[in-house]
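Here's the structure we're looking at; comments come further down.
What you see is a predicted model, and the numbers here were worked out from it, not measured in a lab. Per chain, numbering begins at 1; letters A, B, ... match sequence-line order.
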2 protein chains.
Amino acid sequence: MGTVKNKGNVREASCQEELTAMRDSIEILGGKWKLLIMRYLTNRTAEHNHFKKIQRGINGISAKMLAKELKDLEVNMMVTRTIQDTRPVTVEYAITEYGKSIIPVTDMLVQWGLNHREKIKEEVLV
Amino acid sequence: MGTVKNKGNVREASCQEELTAMRDSIEILGGKWKLLIMRYLTNRTAEHNHFKKIQRGINGISAKMLAKELKDLEVNMMVTRTIQDTRPVTVEYAITEYGKSIIPVTDMLVQWGLNHREKIKEEVLV
DNA sequence: GCTATCAGTTAACTTCAGGTAACTAGTTAC
DNA sequence: GTAACTAGTTACCTGAAGTTAACTGATAGC
């Protein structure tokens, strides 16, 4: 630092740190389904987060993808998986306390998406 | 509403709307690079947002991908592309006013990513 | 003339995310 | 015995994402 001529603006190092942090987030939450699953789970109480119910609730997701994405989320401590002693066996997925930390993110993405629809409508009219 | 027995919690219809809105957001901002590019652009002043500089600033992105992603972002009104009358020709990319609406999202993803690193460290120690 | 810059494009290729469909296994109801 | 429910798994396949490297065309410096 100090005498280094910074030709950009802002501190170069911290920018790279920011990008690295975002890469981490994208790696864990990226893809077509993970944020949708997280959002779905935040909107339900645990008793309604059975595998089949989630699959029915998220339009278009296959059993294979749902199983895979839930595993990934479990590994990253975002959701818990609990086998219920019912007949037939049901499995309950629940968002963890830590997983709740992405609620603000999904909130914003929902708002942004809604707003974007409006924006597109305006563009068409103008 | 009213007499309809809602076996989940929360209103079913609005949940689907939320997921649809999130699908829109993910479609426009998803993938490995778009949010990184947006973040990079918000951290710079326009004069420093030349193609080569962006490529050097975002570690690992190829010219092909950068060109493609910038085109996508331009189509969605997130960035502008301005050819500068310099020698050799330079092209300036800038985030639009509308594009700035995702800054809160990238802010959160940066914070979440930083926090996640700390969380992982804790988990290793415990 | 040779080399380097910028801003890409193109081709040829590999990798991976995701889709489809059939299948397992345990249990219940008909 | 067969159909249906649960919660997945497995194999196969496709298309998109992404990589590498060579190339264009305009300009400038040596």
With sequence neighbours excluded, residues passing salt bridge (Lys or Arg N to Asp or Glu O under 4.0 Å) with A/Glu69
A/Lys34
For C/dA4 and B/Lys52 - does any side-chain N or O of the residue sit under 4.0 Å from the phosphate oxygens OP1/OP2?
no
Can you name the residues that form a side-chain hydrogen bond (donor to acceptor under 3.5 Å, both in side chains) with A/Lys52, not counting sequence neighbours?
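By the side-chain hydrogen bond (donor to acceptor under 3.5 Å, both in side chains) rule, A/Lys52 matches no residue at all.
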Nearest-angstrom distance from the residue atom [atom1] of [X] to [atom2] of [N]:
| X | N | atom1 | atom2 | answer |
| --- | --- | --- | --- | --- |
| B/Gln55 | C/dT5 | CD | P | 13 Å |
| B/Arg56 | C/dG8 | CZ | C1' | 14 Å |
| B/Lys53 | C/dG8 | NZ | C1' | 17 Å |
| B/Phe51 | C/dC6 | CZ | C1' | 10 Å |
| B/Ile26 | D/dA17 | CD1 | P | 14 Å |

One character per nucleotide, please: for nucleotides 15-21 of chain C, 5' to 3', B when the base has a protein heavy atom closer than 4.0 Å, S when only the sugar-phosphate does, - otherwise.
---BBB-
Report which part of the nucleic acid A/Lys71 touches: base, sugar-phosphate, or nothing (heavy-atom distance under 4.0 Å, all strands).
sugar-phosphate
Give the table of side-chain donor-acceptor pairs shorter than 3.5 Å for residues 53-67 of chain B, with sequence neighbours excluded, one pair per line with atom names and distance.
residue	atom	partner	partner atom	Å
B/Gln55	NE2	B/Ile61	O	3.3
B/Ser62	OG	B/Met65	N	3.3

Residues forming a side-chain contact (heavy atoms from CB on, under 4.5 Å) with [X], sequence neighbours excluded:
| X | result |
| --- | --- |
| B/Glu123 | A/Met77, B/Lys119 |
| A/Ile26 | B/Leu35, B/Leu36 |
| A/Val91 | A/Arg81, A/Ile83, A/Tyr93 |

Salt bridge or not between A/Glu118 and A/Lys121? Use side-chain N to carboxylate O under 4.0 Å.
yes
Interface residues of residues 78-96 of chain A with DNA chain D (non-hydrogen, below 4.0 angstrom)
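When residues 78-96 of chain A is checked for heavy atoms under 4.0 Å from DNA chain D, the hits, listed by number, are A/Arg81, A/Pro88, A/Val89, A/Thr90, A/Val91, A/Tyr93.
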Inter- and intrachain pairs under side chain to side chain donor-acceptor pair (under 3.5 Å), touching residues 108-117 of chain B, at least two apart
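Pairs touching residues 108-117 of chain B that pass the test: A/Asp24-B/Arg117, A/Tyr98-B/His116, A/Ser101-B/Trp112.
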